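Owing to the predicted nature of the structure, the values given are computational and were not obtained by experimental measurement.
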Amino acid sequence: MGKREQGLYEFEVRQGGAAYAVGIFIIVFSAVLLTLEIRYHIEAIPVWIYLVIAGMFLLGGYVWAEAGNRRLVLAGGIFYYRNMWGKTKEFSLGDIGYGKAAYHASKGRDYLRLYGKDGKLLCRLECSMQNAECLIWYLHDNAVRLELEKGAEGFAGEIMGQRAITEEEMAGLSREIYGQLQVLAGKWQVRNERMGAELEYGYACYYREKMKDGRQFQPQDSRFAFRHIKEGEGAVLPEDFYCRLEIYVKKGGVAVQERSGRLPMLAVPVFYRRKSMAEGEGYRLFFHSGWRQELEEELTWLKIYLPRHRFVLAEKNPGEGLKKELICSAEETGKIV
């Protein structure tokens with residue numbers, strides 16, 4: 001098994017360096033307070049001050065012990081969970097009945113718990129831990145039920161919303177999604193008619209490993225030249241296939257950009273391939289079921305963004321080559337933009 005595949009199956013969920021820093025800070029701060037009290041001792045200082053300092057020492061030790069000990073390791077198909085006291089528990093995927101997740105750290109709702117089939121707690125983690133998303137992917141790919149409580153919808157819910165599909169399903173879904181996109185874009189243009197903005201949109205396919213994260217324009221060789229084929233024949237998709245909806249702004253039929261060259265562009269992932277974390281499965285095609293909600297949020301942002309900036313006509317059309325559907329019959333190929 002290569003490093004790339006092995007990394008998907010073997011991982012460690014643990015606290016990040018920030019947790020260590022917080023624990024050490026609390027301990028050091030408590031030591032400073034105690035030193036100052038001893039050096040500038042005043043008889044009038046009440047006993048509760050000492051209790052507060054002692055409590056801070058204990059809190060710092062607790063945080064440090066949590067960061068140093070509590071973790072979950074997956075190795076060789078076996079989970080090894082160590083609690084803050086250093087006690088280790090072993091269990092397998094078959095021992096897991098279900099899980100619960102909540103993510104809202106600022107409100108104290110940040111946890112990821114796994115329960116056995118008898119309902120007993122197997123391990124207690126947090127969604128904010130390093131590699132927690134790997135664990136959620138692993139549970140999702142192996143069909144383990146994960147209950148999402150308030151606050152986890154945008155994190156664990158986004159992962160659990162990805163579902164495996166076939167290429168035949170992708171063909172039908174691409175048409176359905178494009179139809180919904182047409183409706184959304186049409187309503188957006190009507191509501192914002194005073195701006196005179198037009199939207200150009202469609203699918204763009206990429207080699208994910210050649211893409212540059214965070215950049216509007218991707219390298220020339222990162223774009224995947226999707227071949228139109230007849231349904232049922234099967235497409236040859238690269239392992240790092242990544243497809244997203246892209247939306248560009250035009251005025252009078254010409255694309256626009258800021259004077260700095262920045263484009264008013266929206267991009268929402270829809271389809272992609274990745275190595276499944278289910279044992280015995282290879283690369284599979286996945287569908288991002290939360291694309292519509294994400295797109296609606298992006299369109300809301302665009303409505304606010306456009307009136308606050310000045311634009312000029314772009315020399316090139318960045319939306320050229322966008323597709324309306326991904327798999328079509330040979331006779332329909334000439335109709336696809």
Can you tell me how the ring of [X] sits relative to the ring of [Y], calling it parallel under 30°, perpendicular over 60° and tilted otherwise?
{"X": "Tyr138", "Y": "Phe79", "answer": "perpendicular"}
{"X": "Phe286", "Y": "Trp137", "answer": "perpendicular"}
{"X": "His309", "Y": "Phe311", "answer": "tilted"}

### Query
Pick from Glu158, Gln162, Arg163: which one makes a side chain to side chain donor-acceptor pair (under 3.5 Å) with His288?
Gln162
### Query
Using 4.0 Å as the upper bound for N to carboxylate O, is an ion pair formed by Arg274 and Asp141?
yes
### Message
Between Arg70 and Glu126, does any side-chain N to carboxylate O distance fall below 4.0 Å?
### Response
yes
### Task
Using the side-chain contact (heavy atoms from CB on, under 4.5 Å) rule, take Gln182 and Tyr201 through it: C-alpha gap first, then chi angles, then the decisive distance, then the call.
CA-CA 9 Å; Gln182 282 183 302; Tyr201 44 83; 3.5 Å; yes
Could you give the distance from [atom1] ([X]) to [atom2] ([Y]), rounded to the nearest 0.5 Å?
{"X": "Glu246", "Y": "Glu200", "atom1": "CD", "atom2": "CD", "result": "10.5 Å"}
{"X": "Leu121", "Y": "Leu114", "atom1": "CG", "atom2": "CG", "result": "8.0 Å"}
{"X": "Glu12", "Y": "Met129", "atom1": "CD", "atom2": "CE", "result": "10.0 Å"}
{"X": "Met160", "Y": "His140", "atom1": "CE", "atom2": "NE2", "result": "5.5 Å"}
{"X": "Leu237", "Y": "Met170", "atom1": "CG", "atom2": "CE", "result": "5.0 Å"}
{"X": "Ile165", "Y": "Ser289", "atom1": "CD1", "atom2": "OG", "result": "10.5 Å"}

[Y] and [X], any side-chain heavy atoms less than 4.5 Å apart:
{"X": "Leu322", "Y": "Tyr203", "value": "no"}
{"X": "Leu306", "Y": "Asn192", "value": "no"}
{"X": "Ile159", "Y": "Leu146", "value": "no"}

Could you tell me whether a side-chain N or O of [X] sits under 3.5 Å from a main-chain N or O of [Y], the two making a donor and an acceptor?
{"X": "Arg208", "Y": "Tyr242", "value": "no"}
{"X": "Tyr248", "Y": "Ala255", "value": "no"}
{"X": "Lys89", "Y": "Leu122", "value": "yes"}
{"X": "Lys117", "Y": "Gly94", "value": "yes"}
{"X": "Glu297", "Y": "Glu294", "value": "no"}
{"X": "Ser222", "Y": "Tyr206", "value": "no"}
{"X": "Asn131", "Y": "Phe11", "value": "no"}

Count the heavy atoms of every other residue, nucleotide or ligand shown that sit under 6.0 Å from [atom1] of [X], and state whether that count exceeds 12.
{"X": "Arg292", "atom1": "CZ", "answer": "yes"}
{"X": "Gln293", "atom1": "CD", "answer": "no"}
{"X": "Glu320", "atom1": "CD", "answer": "no"}

### Query
Among all residues two or more places apart in sequence or in another chain, which pass the salt bridge (Lys or Arg N to Asp or Glu O under 4.0 Å) test with Glu133?
none
### Query
Should Ile78 and Val144 be regarded as members of a common hydrophobic cluster, given that ILVMFWY residues are connected when their side-chain heavy atoms come within less than 4.5 Å of each other, either directly or indirectly?
no
## Note on the structure
All heavy atoms of Ser174 vs all of Phe271, minimum pair found to be N-CZ, 4.1 Å
### Partners meeting side-chain hydrogen bond (donor to acceptor under 3.5 Å, both in side chains) with Asn142 (sequence neighbours left out)
none
### Query
Is there a side-chain contact (heavy atoms from CB on, under 4.5 Å) between Leu112 and Val13 once you walk through the steps?
CA-CA 11 Å; Leu112 178 58; Val13 182; 5.9 Å; no
